[in-house]
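So the structure is just underneath, and the comments pick up after that.
Values reported hereafter were calculated over all heavy atoms of this structure, with side chains retained and with hydrogens, waters and symmetry mates removed. Remember, it's 1-based here, ligands and their atoms both numbered in the order they're listed.
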Amino acid sequence: MAGQDCIFCRIIAGQIPSVRVFENDRVLAFLDIRPISDGHTLLIPKIHAGSLSECDVSVLAEMIGVVGPLGKAVVGAVQAEGYNLLCNNGRAAGQLVDHVHFHIIPRRCDDGVLARWPHKEYPAGGAEAMAEKIRRLLAIS
Ligand code: AMP
Ligand code: ZN
């Protein structure tokens with residue numbers, strides 16, 4: 001799904017309005033239309049990729065390179081104390097727009113945003129077994 005079917009491709013093409021904060025030839029950053037906190041910004045590649053694994057590594061590297069200065073500017077603009085860099089990858093992870101994007105979400109201490117992580121614990125030997133499974137799948141991918 002790209003081009004006319006993809007809302008972010010249409011934003012890149014200027015067919016849908018957006019409030020842009022940064023762009024170069026490979027990436028675009030604009031304000032999220034329904035911010036979790038003031039200044040909530042989305043950073044996207046200009047070439048369509050539905051998921052992280054479909055995105056060219058050099059484009060991902062560009063995105064990571066931009067996050068540093070962009071995150072600092074976003075935090076400065078809203079006088080936040082930090083930010084979450086979030087990528088919902090896949091429907092189960094909350095990805096609604098199938099064009100890779102990084103959320104930059106400004107945060108303050110005790111703001112209650114994204115505050116509760118449902119941590120659990122591995123049973124004895126569980127972490128080692130899990131790591132072994134991941135290593136095996138990495139080896140064949
Ligand atoms: P995700 O759930 O990670 O796919 O997030 C998609 C994000 O895109 C949501 O936070 C939406 O608020 C945001 N969004 C959707 N449409 C627009 C739009 N036209 N302009 C800016 N942000 C948008
Ligand atoms: Zn797209």
Query raised in the report: Which of the N/O/S atoms in H99 sits closest to the Zn ion (ligand 2)?
Result: ND1

**Report entry** Atom of H48 nearest the Zn ion (ligand 2) (restricted to N/O/S, atom name only)
**Finding:** ND1

Query raised in the report: Which of these passes side chain to side chain contact (heavy atoms under 4.5 Å, CB included) with F8: V100, I16, L28, L42?
Result: L42

**Report entry** Passing option when L85 is tested against I105, L43, L70, V67 for side chain to side chain contact (heavy atoms under 4.5 Å, CB included)
**Finding:** V67

Query raised in the report: Can you give the angle C6 SG - the Zn ion (ligand 2) - C9 SG, rounded to 10°?
Result: 120°

Report task. Please tell me if the side chains of R26 and K46 come closer than 4.5 Å, counting only heavy atoms from C-beta onward. Result -> no

Query raised in the report: Do L52 and F102 come close enough that some side-chain heavy atom pair is under 4.5 Å?
Result: yes

Does ligand 1 have any N/O atom under 3.5 Å from a protein N/O, and what are those pairs and their distances?
residue, atom, partner, partner atom, Å
ligand 1, 2 (O), G94, O, 2.7
ligand 1, 2 (O), L96, N, 3.4
ligand 1, 3 (O), N88, ND2, 2.9
ligand 1, 3 (O), H101, NE2, 2.7
ligand 1, 3 (O), H103, NE2, 2.8
ligand 1, 4 (O), L96, N, 2.7
ligand 1, 4 (O), V97, N, 2.9
ligand 1, 4 (O), H101, NE2, 3.0
ligand 1, 5 (O), H101, NE2, 3.2
ligand 1, 5 (O), H103, NE2, 3.4
ligand 1, 10 (O), D32, OD1, 3.2
ligand 1, 10 (O), D32, OD2, 2.5
ligand 1, 12 (O), D32, OD1, 2.5
ligand 1, 22 (N), I33, N, 3.1

Query raised in the report: Which pair of non-hydrogen atoms, one from R20 and one from I12, has the smallest distance, and what is that distance?
Result: NH2-O, 3.3 Å

Query - Exercise: identify the closest heavy-atom pair between G39 and T41 - result: O-OG1, 2.6 Å

Requested in this report: May I ask you to check whether H99 and H101 place their ring centres under 6.0 Å from each other?
Outcome: no

